[in-house]
Asks: 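First the structure, which I've put down as structure tokens, then a few questions once you've had a look.
Since the structure is predicted, the reported quantities are computational estimates derived from the model, not experimental observations.
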Amino acid sequence: MVKAKTKLDFAISGFPEYTPEVRDVELKWLNQLSKLFESYGYASIETPSVEKVETLAAKGEDVDKEIYALRRLADDGDSKAKYALHYDMTVPTARYVAKHHGQLTFPFKRYQMQRAWRGERPQEGRFREFTQCDIDVIDSESVSLAYDGEMLEIAAAAFGLLETGPVRFQVSNRRLMNGLGEALGLADATLLARILDKVDKLTTEQLSTRLSTELELDQAGIDTCIAFSQIRGNAGDIENGLARLGLMNDHIREGQQQLCDTLESVEKSRPEQVEILGDLSISRGFDYYTGVVYEAKFIDFPDYPSICAGGRYENLVGSFMRRKLPGVGISIGHTRIFTKLLKEGLLDVGRKTPTQVLVASDAPYNYSTLTATAARLRQLGWNAETLPGVAKLDKQLKYANNKGIPFVWIIRDGAAFLKNMETGDQQSVDLGSFSGTPLG
């Protein structure tokens, strides 16, 4: 396998596409993730690429600018779009659970690996079309807090499995943010969460200005928010940081306990290259998060966008049915991770073809014999192909070499030989008794 630094080219800006040897690696990634999710009992689902616009709007945030609406080319343009491409998996899953509620067994554990579309300005790590790999647990009435840790454990295992390099998870709990809001006398902590979620993108002065103008906090309140957002570390660090801050109410007590339990539950299971830290600046500004929240980034590329995120929600499914169905989930940004490692030359490229053996011949050329041999090899489990219209053996061997086909079955004067293209070794074989094992 050869590591190669690859320049990413896009047919249309923001829509990545790969050569066969790169696509081969992507498919292996998806297969590995599928097996990982299933090993924890998560079942695969797939929802349509298209949802109603009103369904997508149920997420509780301003998404109008990101939605790709669908209209027929022949549309007169006067009618308002009813349908749009989904921009993540969360809302479609909530709609799916509401629709199939009577057919599902709860807690419902699902994973979903699909493409999504967002109409944003393409740049490194941000695409108009991308693949997400999500897992969620949804239950009736309540979801065990143990799943908060399981989500984190699975996501950390995924990064270890895919050998992505050093990754840091930042974990918090929205109850802590709600408790801070309560201590500051705010009726709703949603805007506070959105502001503090930008703490790594704002200077202290910019952060102070927003807290002052948008929330009308005095200097003491601003200082409290800044100190709160700087609390990070392991469970002990979180407890000590909150104690120093001197804030305590029911929200903070519950959030602290839940966060510390989650951090401690994954400390022994996490891969060595994955750091998991409590970080109270992380809030995930979406309205629907109510408990644990996660966010992960590459350690070696600190300015790159987050590569994994999620959290606990209490009533997202309630947007589609008159019943409370809480859940917790996490999303792995497959395309964002894959393209970054590809660009940096950190991926082992795969094979240009799935072919394991090329059936070739020396003169005289007899294509019917080749196709019959290839058909028999396929019956034996080999991926076999022929090269029609090419009679010279050296050209057939060159083709196999250029595509990385590991073996060539050579038919010559009624006999057959199997050539190992890597070593050059060649041995006599008989199709009637051949029992070679195909490559994995």
Side-chain angles (χ1 to χ4, degrees), residues 1-11 16-32 131 161-165 334-335 337-440:
M1 304 292 279
V2 179
K3 285 185 172 67
K5 199 159 186 174
T6 305
K7 181 180 178 181
L8 297 177
D9 292 318
F10 303 98
E17 60 182 21
Y18 310 121
T19 55
E21 59 267 36
V22 176
R23 173 62 173 163
D24 178 63
V25 180
E26 184 187 34
L27 289 175
K28 288 178 180 176
W29 271 35
L30 294 172
N31 184 52
Q32 286 178 295
T131 299
L161 185 67
L162 300 178
E163 299 181 343
T164 59
H334 177 277
T335 301
I337 298 165
F338 189 82
T339 54
K340 182 60 176 176
L341 296 182
L342 183 63
K343 178 185 176 183
E344 298 296 332
L346 298 175
L347 282 183
D348 289 325
V349 297
R351 297 174 57 201
K352 293 182 178 180
T353 177
T355 301
Q356 297 165 314
V357 57
L358 173 71
V359 181
S361 71
D362 208 343
Y365 180 73
N366 187 339
Y367 189 62
S368 62
T369 301
L370 300 189
T371 56
T373 302
R376 176 56 184 158
L377 288 171
R378 293 186 198 107
Q379 291 176 348
L380 295 173
W382 290 74
N383 298 333
E385 69 169 294
T386 59
L387 194 58
V390 178
K392 292 186 177 180
L393 180 61
D394 60 344
K395 289 187 176 182
Q396 296 172 76
L397 293 174
K398 182 178 180 180
Y399 172 82
N401 187 62
N402 289 342
K403 291 194 72 173
I405 299 174
F407 295 98
V408 178
W409 186 287
I410 303 172
I411 299 174
R412 177 187 299 130
D413 298 329
F417 305 88
L418 188 65
K419 182 179 181 68
N420 185 316
M421 295 299 291
E422 182 177 352
T423 65
D425 293 341
Q426 184 172 296
Q427 63 181 28
S428 177
V429 286
D430 177 72
L431 187 60
S433 60
F434 183 68
S435 59
T437 302
L439 298 175

Asks: Where is the tightest heavy-atom contact between Gln396 and Val359, given as atom of each residue plus distance?
Replies: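 Closest approach of Gln396 to Val359, heavy atoms only: OE1-O, 4.2 Å.
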Asks: So, for Thr353 and Lys403, which heavy atoms are closest and what is the spacing to 0.1 Å?
Replies: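 Nearest pair, atom of Thr353 first, then Lys403: CG2-O, 3.3 Å.
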Asks: Angle class for the Trp29/Phe338 ring planes (parallel below 30°, perpendicular above 60°, tilted otherwise)?
Replies: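 Rings of Trp29 and Phe338: perpendicular, as their planes differ by over 60°.
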Asks: Step by step, work out the side chain to side chain contact (heavy atoms under 4.5 Å, CB included) result for Met421 and Ile405.
Replies: CA-CA 7 Å; Met421 295 299 291; Ile405 299 174; 5.8 Å; no
Asks: I need the Thr373 OG1 to Ile410 CD1 distance, nearest 0.5 Å.
Replies: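 Thr373 atom OG1 to Ile410 atom CD1 measures 12.5 Å (nearest 0.5 Å).
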Asks: Near Gln426 CD, under 6.0 Å, is it more than 12 heavy atoms from other residues, nucleotides or ligands?
Replies: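 For Gln426, atom CD is crowded (more than 12 foreign heavy atoms under 6.0 Å).
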Asks: Say you draw a straight line from CG of Asp430 to CG of Leu418; how long is it, rounded to the nearest 0.5 Å?
Replies: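 Answer for the CG-CG pair, Asp430 versus Leu418, is 12.5 Å.
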Asks: Shortest non-hydrogen contact from Tyr18 to Thr335?
Replies: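 Reported closest heavy-atom pair: OH-CG2, 4.1 Å.
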Asks: Drop me the distance from Thr164's OG1 to Ile337's CD1, to the nearest 0.5 angstrom.
Replies: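 One gets 6.5 Å once the value is rounded to the nearest 0.5 Å.
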Asks: Looking at Leu342 and Val22, what are the two nearest heavy atoms and their distance?
Replies: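 Of all heavy-atom pairs spanning Leu342 and Val22, the closest is CD2-CG1, 3.8 Å.
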Asks: Judged by atom type as modelled, is there a donor-acceptor pair below 3.5 Å linking the side chain of Asp362 to the main-chain atoms of Arg412?
Replies: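 No.
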Asks: Taking atom CD as the centre, does Gln379 end up with more than 12 heavy-atom neighbours from other residues, nucleotides or ligands that are less than 6.0 angstrom away?
Replies: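 Yes, because the 6.0 Å sphere around CD of Gln379 holds more than 12 heavy atoms from other groups.
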Asks: Do Val349 and Asp24 have side-chain heavy atoms sitting under 4.5 Å apart?
Replies: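 Result no, sub-4.5 Å side-chain heavy-atom pair not found.
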Asks: Verify the neighbour count for atom CG of Asp413: are there more than 12 heavy atoms of other residues, nucleotides or ligands below 6.0 Å?
Replies: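 Not buried by this count: 12 neighbours or fewer within 6.0 Å.
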Asks: Report the distance from atom OG1 of Thr339 to atom NE2 of His334, rounding to the nearest 0.5 Å.
Replies: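 Here the rounded value is 9.5 Å.
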Asks: Find the distance between CD (Gln32) and CG (Leu161) and round it off to the nearest 0.5 Å.
Replies: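 So the gap between those two atoms works out to 4.5 Å.
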Asks: Between Val429 and Phe417, does a side chain to side chain contact (heavy atoms under 4.5 Å, CB included) hold up when you go through it step by step?
Replies: CA-CA 5 Å; Val429 286; Phe417 305 88; 5.5 Å; no
Asks: For Leu370 and Ile411, work out which heavy atoms get closest and say how close.
Replies: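 Nearest heavy atoms, Leu370 then Ile411: CD2-CD1, 3.7 Å.
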Asks: Give the minimum heavy-atom separation between Thr386 and Tyr367, together with the two atoms involved.
Replies: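 Shortest heavy-atom separation between Thr386 and Tyr367 comes out as OG1-OH, 2.9 Å.
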Asks: Going by an N to O cut-off under 4.0 Å, is there a salt bridge joining Lys398 and Asp394?
Replies: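 No.
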Asks: How far does CZ of Arg351 sit from CG of Asn383, to the nearest 0.5 angstrom?
Replies: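 It is 8.0 Å, given to the nearest 0.5 Å.
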Asks: Just wondering, do Tyr399 and Leu358 contact through their side chains at under 4.5 Å, heavy atoms?
Replies: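 Touching, per the 4.5 Å side-chain cut-off.
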